[in-house]
Amino acid sequence: MAQAGKGRLNYRCPSCFMRDLDIDMFYDKEKKEYYCIRCQYTGSEEDVLEKNEMVRFRYRAMGKRFEFPD
Amino acid sequence: MFAVNIIHRPEMVPEYSQKVTGQGKAEDMGDEGLLTESLDIFKTQQECAHKYGLKTTIQMTYASLFNEEAVALAKEHHEKYGDEIALSLLGLPCEEFREKYKTKDFCIWMFSMEDKKAIVNDVFEKFHDIFGFYPESTGSYYMDADLINYIKETYPSVKCAVATCWEEGPKAYHTCNNSWYTFMDGGPWAPWIPSKANTHAPAANEEEDSGIVAIPHLSRDLLACYDGNGSNFGTHPQNVLRGMIYDSKTWEYPYLYNLIDQYRYQARFNGDDAYNMMFVGPGWMNKMGRWEAPYELLLKSYDDGCRYYGKLKEEGKLVDMTMSEYADYYRSRKTYTVPEVALWKDILYGSEKQLFWYTDPYMRVGVNMDQGGAIVDLRPYVAKLIWPVGIGTEHITDASYPFLIQEKYRAGYFTHYAGEGTVRSAKVIHGKEEVDLCLCRTKAVCEKTEEGTVLTLDPVEIEFSDVTVKLQTVMTFPEGSGVIRTERKILSISDPDADIAINEYMVGCYGTTEYAEDMTSLELSVSDEMQHVEKIPYEYKCRELSAENAASVSCLLPPVDTLVSMEAEGNKKCGYVKEGYAFSPMFTLGYTGTLKEKEVFTTWLKLEKAD
């Protein structure tokens, strides 16, 4: 098996992101999957994007515009 | 007035970029493609600011001083847009630097003092050779006191510096897979005048004045950044993307604008002055994209950030300044002892949590209204701690200002099964029932009065099995005193004859990280009403001392050169101290007393330099 590299974009591990850890994933061309070298997460690009939506669960006010009086 | 500093640096080998673009390649500091791309990013950033009518501070890096195009651009933009040409101590890595200093270190505060001086001389003289004058502004992520003092002494033209990054410490280290050694927790979040002794601790008078105005690296979210990775929550559009705080379909990020607006809001508590700083290194606008954000989104976010500042300027709500202009403005507006305060609310998580932050030359204090006004962070600036950093010192990388209370690193109210965490709160007691105010969520308002800064909390209701108590907390920070006065008043009580007791306490320790320090040099004292003093030298023996009507209770902390004490006024006051034990390496200071309807129990928490 050839060495892993980076994919189209430089995705972080969504599982580690949820524990406040930014860690780049590597891409396995043969399996067509990203994998984390720190934890056990593996997933396709589609799965990574889906999980990236999930990690936003804590930002409940992410889309809200607050008013602050001048 | 809301002032903004927008800072750009032509970094010829940007942090991140070199590693990201070089994936699968051997390191090449002189890669022509990398140099061209880096300069292009700098040009793009400058364009973004100028097209929205904003001036910038161009912080030339050492590497860029060897690049004719970068120098020519700086001169041109200074002439055309009024940008300041300054000098950064970031961006040191380049072939010339590596060859001369034989090291891969790049953070100026981590070098030996000998190297710091040599590098400062080198870059400042090179700058002078190129531009014909010495810079008025400089900076890095952190500037230690010895470094600032040396620069000011050798190059007195310097009056402004980027000198710390708010709450960048162990949390940032963990986020970066324990590989990012920037430990600088415990500093101010807004501009200040550093003392000669310790950069984080503001000067209390002219004698302590280091001679510069310091600005923070970015304006951070004072709630999100305290709890989570600081690098996701600041006036750095790509940091907001790093935190994934945007709609992945529309590429919108109202959070960035909420953050800017919440900083503007702080003007009402700070003599009509508010401040923002935006400083994005070119590595964050890499053509390859940054993590999952493509270049187009990186560019859009930076353009949007500048556009919003430009819009505020057009509306007369913002003044853009260069760093040196801001230093002059700051000096014209501030006195040494005037505090910087912030009443901050959650703008991201959808809670209604509110924090209050206070900084003056004697302390930095964090108060959490979600915990009934508990003090959850306390830094004894009054000690003006001598804390050299860099190779050859005791603190090679740890530039954080030590805490006495830090609820995230040392538990706070909640602990697992045993022991105590650091917090300053009170327990309200009736019979065998006890309620800690940490469990009474509330809100507060802040105002300036003749007595100082006053934080008035909304009353909370405490329900015991047979009686309900309505209690209000008012905290006062008298200017220039190092004292926090806390008043607890019972506004009403369902049974006026009920016995209500109060236990005002502070659980403390010292440190800069999550891990316990050796407490054996600490000494606890109780001074009775006749000023007779009894002491406990800290030996982890779980001992206690108390005295009815005590004049004061205190803890001496030699490792941080601090004496913290408490005094009280109220019915049946009794002062006490508690030694900790190995599983709970803390100390406790406190007073108990009793309260009836309309009565007040008052305590004063005081910080002093130990010697």
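Chain letters run A, B, ... following the sequence lines, proteins first and then strands; every chain starts at 1.
- To the nearest 0.5 Å, the span separating CD on Gln262(B) from CZ on Phe68(A) amounts to 4.0 Å.
- Listed here is the closest heavy atom pair of Arg268(B) and Asp70(A): NH2-O, 3.7 Å.
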Quick one: do Asn177(B) and Arg38(A) satisfy side chain to side chain contact (heavy atoms under 4.5 Å, CB included)? Show the steps, please.
CA-CA 9 Å; Asn177(B) 201 30; Arg38(A) 172 151 177 167; 2.5 Å; yes

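- Counting heavy atoms from C-beta on, the side chains of Ser248(B) and Glu53(A) come closer than 4.5 Å.
- The candidate from Lys345(B), Lys171(B), His174(B) with the greatest count of non-hydrogen atom pairs under 4.5 Å with chain A is Lys345(B).
- In this view, Asp346(B) satisfies the salt bridge (charged side-chain N to carboxylate O under 4.0 Å, His left out) rule with no residue, not counting sequence neighbours.
- Atom CD of Glu352(B) has 12 or fewer heavy atoms from other residues, nucleotides or ligands within 6.0 Å.
- The choice from Gly243(B), Ser179(B), Ser231(B) that makes the most heavy-atom pairs within less than 4.5 Å of chain A is Gly243(B).
- Across Arg56(A), Glu67(A), Lys64(A), Gln3(A), the residue that shares the most heavy-atom pairs under 4.5 angstrom with chain B is Arg56(A).
- We find that Asp261(B) and Arg65(A) are joined by a salt bridge, their nearest charged nitrogen and carboxylate oxygen being less than 4.0 Å apart.
- Both the backbone and the side chain of Tyr246(B) have a heavy atom closer than 4.5 Å to some heavy atom of chain A.
- In this structure, Arg242(B) pairs ionically with Asp22(A), as a charged nitrogen and a carboxylate oxygen lie closer than 4.0 Å.
- Residue Asn229(B) comes nearest to Asp20(A) through the heavy atom pair N-OD2, 3.9 Å, listed as atom of the first residue, atom of the second, then distance.
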Can you check side chain to side chain donor-acceptor pair (under 3.5 Å) on Trp291(B) and Asp24(A), steps first, answer last?
CA-CA 8 Å; Trp291(B) 285 313; Asp24(A) 291 14; 2.6 Å; yes

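- Listed here is the closest heavy atom pair of Ala61(A) and Gly350(B): CB-N, 3.7 Å.
- For chain A, no part of Glu252(B) is nearby; none of its heavy atoms comes within less than 4.5 Å.
- Of the atoms belonging to Leu21(A), heavy atoms from both backbone and side chain fall under 4.5 Å from chain B.
- Here the shortest heavy-atom pairing between Met62(A) and Met244(B) reads SD-O, 3.8 Å.
- When the heavy atoms of residues 42-52 of chain A are compared with those of chain B, the residues falling under 4.5 Å are Asn52(A), listed by number.
- For the options Tyr11(A), Tyr59(A), Phe57(A), heavy-atom pairs under 4.5 Å to chain B are most numerous at Tyr59(A).
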